Peer 1: 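Just dropping this structure here.
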Amino acid sequence: ETGVTQTPRHLVMGMTNKKSLKCEQHLGHNAMYWYKQSAKKPLELMFVYSLEERVENNSVPSRFSPECPNSSHLFLHLHTLQPEDSALYLCASSQEWQGVEAFFGQGTRLTVV
Amino acid sequence: ELKVEQNPLFLSMQEGKNYTIYCNYSTTSDRLYWYRQDPGKSLESLFVLLSNGAVKQEGRLMASLDTKARLSTLHITAAVHDLSATYFCAVDMRDSNYQLIWGAGTKLIIKP
């Protein structure tokens with residue numbers, strides 16, 4: 001139990017589908033993150049939320065839409081994805097959003113067909 | 001350009017041997033992190049290095065930081081099979097507004 005829980009663990013979706021990834025943290029942290037991990041690439045930061053406000057959006061296509069309803073929950077809404085979006089999507093949280101250690105969830109393995 | 005480079009990217013070694021993974025970064029940093037990731041699993045925090053000359057040890061792993069050389073090392077002593085994993089370093093850099101910049105990871109395979 002890492003304190004950061006992601007669901008689902010695996011997801012296969014068609015390019016016309018709409019789905020959502022969910023992340024929940026039980027650590028009392030104020031910041032939450034979405035990362036994308038593709039084969040043979042460094043971890044890519046997608047979005048950062050601090051106290052439920054988005055503070056960073058690293059040029060992510062609009063087919064990825066984050067939502068942070070409260071400091072414990074983070075969603076990533078997916079629509080009209082492309083096969084190249086297939087990857088491991090990792091959620092993380094930290095006490096603050098700058099310069100502190102992050103704790104990661106198990107990830108959602110996404111396959112777009 | 002803000003870069004974090006790890007080497008080697010892949011390492012296969014025998015149990016009982018010693019080896020070092022290197023992490024170089026391109027600009028001023030306040031903190032450096034080492035993480036471990038097992039296949040299909042999450043990233044687990046190993047070490048947080050906060051200052052020049054910092055050294056931390058946990059079991060057979062020892063991490064050090066030289067901020068002048070912009071270099072961190074992760075040293076493995078008398079490797080055992082359970083240490084097989086991918087190891088990532090990450091750096092928060094002032095030039096990136098303290099967001100973490102990640103290395104590509106070092107996949108370590110330790111053969112019995």
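Just so it is clear: chains get the letters A, B, ... in the order the sequence lines come, proteins before strands, and each one is counted from 1. Predicted model, so just to flag it, every value in this text is computed and none were measured.
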Peer 1: Does A:Gln82, at its CD atom, have more than 12 non-hydrogen atoms belonging to other residues, nucleotides or ligands within less than 6.0 Å?
Peer 2: yes
Peer 1: Under 4.5 Å between side-chain heavy atoms, hopping through other hydrophobics if needed: is there a path connecting A:Leu21 to A:Phe103?
Peer 2: no
Peer 1: Would a 4.5 Å heavy-atom cut-off, applied to side chains only, mark A:Gln37 and B:Phe88 as touching?
Peer 2: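 Side chain of A:Gln37 against side chain of B:Phe88, heavy atoms only: contact under 4.5 Å found.
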Peer 1: For the CG atom of A:Leu88 and the CD atom of B:Gln37, what is their distance to the nearest 0.5 Å?
Peer 2: 6.5 Å
Peer 1: Between B:Gln6 and chain A, with a heavy-atom cut-off of 4.5 Å, which part of the residue counts as in contact: side chain, backbone, both or neither?
Peer 2: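 Interface part for B:Gln6: neither.
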Peer 1: If you count heavy atoms of other groups shown closer than 6.0 angstrom to CZ of A:Phe75, is the number above 12?
Peer 2: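 More than 12 within 6.0 Å, yes.
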Peer 1: Do the two ring centres, one from A:Tyr33 and one from B:Trp102, sit under 6.0 Å apart?
Peer 2: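 That pair fails the under 6.0 Å test.
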Peer 1: Measuring only between side-chain heavy atoms, which start at C-beta, is B:Leu43 closer than 4.5 Å to A:Leu43?
Peer 2: yes
Peer 1: Please check if the number of heavy atoms outside A:Glu84 that lie under 6.0 Å from its CD is greater than 12.
Peer 2: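 Atom CD in A:Glu84 is crowded, with more than 12 foreign heavy atoms closer than 6.0 Å.
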Peer 1: Under a single-linkage definition using a 4.5 Å side-chain heavy-atom cutoff for Ile, Leu, Val, Met, Phe, Trp and Tyr, are B:Met62 and B:Leu65 assigned to the same hydrophobic cluster?
Peer 2: no
Peer 1: Check whether A:Gln106 reaches the backbone of B:Ser42 with its side chain - one donor and one acceptor, N or O, closer than 3.5 Å.
Peer 2: yes
Peer 1: Which atoms of A:Arg9 come close to chain B, meaning under 4.5 Å heavy atom to heavy atom: side chain ones, backbone ones, both, or neither?
Peer 2: side chain
Peer 1: With a 4.5 angstrom heavy-atom cut-off, is it the side chain or the backbone of A:Ala102 that approaches chain B, or both, or neither?
Peer 2: both
Peer 1: Tell me whether the count of non-hydrogen atoms from other residues, nucleotides or ligands lying under 6.0 Å of CE in B:Met13 goes above 12.
Peer 2: yes
Peer 1: Would B:Tyr22 and B:Trp34 show up in the same hydrophobic cluster when neighbours are defined by side-chain heavy atoms closer than 4.5 Å?
Peer 2: no
Peer 1: Tell me, do A:Glu101 and B:Asp92 make a side-chain contact under 4.5 Å, heavy atoms counted?
Peer 2: no
Peer 1: By a 4.5 Å heavy-atom criterion (distance strictly below it), what part of A:Glu44 contacts chain B: side chain, backbone, both, or neither?
Peer 2: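 Contact with chain B involves no heavy atom of A:Glu44 at all.
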